[in-house]
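Have a look at this one.
Letters A, B, ... are given to chains in the order of the sequence lines, protein chains preceding strands, and every chain is numbered from 1. Heavy atoms only: backbone and side chains are in, while hydrogens, waters and symmetry mates are out.
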Amino acid sequence: MIITPKELTDRIDEFAVIDVRPDEQRNEFPLAGLKSVVSENGVLPKVDGQKVLVCQFGIVTEGMIIENELDDTFSLLGGAQAWDEFIQEKKDFSRWSRQTVLPEIGIEGQKKLLNSNVAIVGMGGLGCPAAQSLLTAGIGQIHLIDGDTVSLSNLHRQPLYNPNDVDQKKVDVAKERLTVLNPETEIQKIDTFLDETNCESILVGTDVVIDATDNIKTRQLIDKYSKQLNIPMVYGGLFRFEGQVSILNVNGSPGYAELFPDPLSGGDTCEDAGVLGMLPGIIGNIQALEAVKLIVGIEPNLIGKLLIYDGKSHSTELIKIG
Amino acid sequence: MISLCLCDSVVNIMKIKIKCFSQVKYALGENEIKLDLENGSTTYDLEKLIREKANGQLDDVSLRVAVNQQYVKDESELKDGDEVAFIPPVQGG
């Protein structure tokens, strides 16, 4: 069983708190405002009633409870790291404990995600999985941009929508479904297609734009304003079993115009050429991963590189474009 | 993978591996092609050859060329053992 820092604060009188961390960790990261007893050499002290075990990240204690089949015992989700942040900032980070435990993310990285603002252009095969993953990762503000409606042939690859949504506006349905995933993210729906008259005003102020469109003209438009506004563009494209991803226009790094100057044709769209739903799921998630890495500052990333993924052989190709 | 020899002589040849992506893969029916080319051949020569083999299927497709996983903009002379990728833009999403 787990308990969040907020729940523990609300119900503090019901529990005895046991700190299972080694001495040096306890001394370095004391549990501010939380009375606790200490376990010696991994042996839990005998305490009556319900207990909350605390380790540094909330992972060791979850394992202890399962392994030892402990009754009436909770693990503090996110551990001392999440508790400390809750006491200092009054913000409960425990739902992200499995990503804040990563040294590359930590609480500081999570704060960057919570303060970030991402635009997703196109709520189709790439946009749906990208939006789901970005939202659950804790992105603070998301702009969903699409003027299209849901059609029956979208459903196999656009998991936010179901048969009852056919003919409904994609941004309306997507906002409703995504809000359930993370009510704390502010979702702006923009029920239009990008064009030369609206692109700048829609993208300005965002930190990253996810190119989840299905045509080259819109990609070129995003590229133009991404470059002008200095907003990184995370490009994704599909052809049958193959997908491409790149991060474009980061402080003068290559853009779509350098990636594909003057493209004559992009091949058929997913509607025309066909695609299995898993492929946009994979590529949209790689776009979301690259956006998160970009916001947090994790390297290496796909700036100046084109990733090509083949869904048949599962081979990848990484091409330097800079 | 298929292997082709496009040289009359076996003396002045180099071995090139071509990696095909998206429309190129479907037009040629192969992921990879091994070619023997005359020394001095360039990326332009190879692209012309690829387009000919595609029988018109790549006529309206612009191709980016990478040699050994690095984009090349201009005509570039190839050398023995080079791996050449032909990458079209894709628009599905």
Which portion of Leu63(B) sits near chain A, non-hydrogen atoms under 4.5 angstrom: neither

Heavy-atom pairs under 4.5 Å with chain B, option from Ile321(A), Val275(A), Leu279(A) with the top count: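 Counting heavy-atom pairs under 4.5 Å, the top option is Ile321(A).
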
Top of Asp310(A), Thr213(A), Asp211(A), Leu259(A) for chain B proximity - count of heavy-atom pairs under 4.5 angstrom: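 Option with the top pair count is Leu259(A).
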
Note: Lys189(A)-Glu176(A) ion pair, threshold 4.0 Å (strictly below): no

Part of Ile283(A) lying under 4.5 Å from any heavy atom of chain B: neither

Which atoms of Glu83(B) approach chain A - backbone, side chain, both or neither, heavy atom under 4.5 Å: side chain

Lys305(A) versus chain B, the contacting section by heavy-atom distance below 4.5 Å: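 Answer is neither: Lys305(A) stays 4.5 Å or more from chain B.
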
Lys/Arg N to Asp/Glu carboxylate O, Glu242(A) vs Lys25(B), below 4.0 Å: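 So Glu242(A) pairs with Lys25(B) through a salt bridge.
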
NZ/NE/NH1/NH2 to OD/OE distance under 4.0 Å, Lys79(B) and Asp82(B): yes

Lys175(A) with Asp191(A): basic N within carboxylate O range, under 4.0 Å: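 No, Lys175(A) and Asp191(A) are not salt-bridged.
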
Lys293(A) bridged to Glu299(A) by N-O distance under 4.0 Å: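 So Lys293(A) does not pair with Glu299(A) through a salt bridge.
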
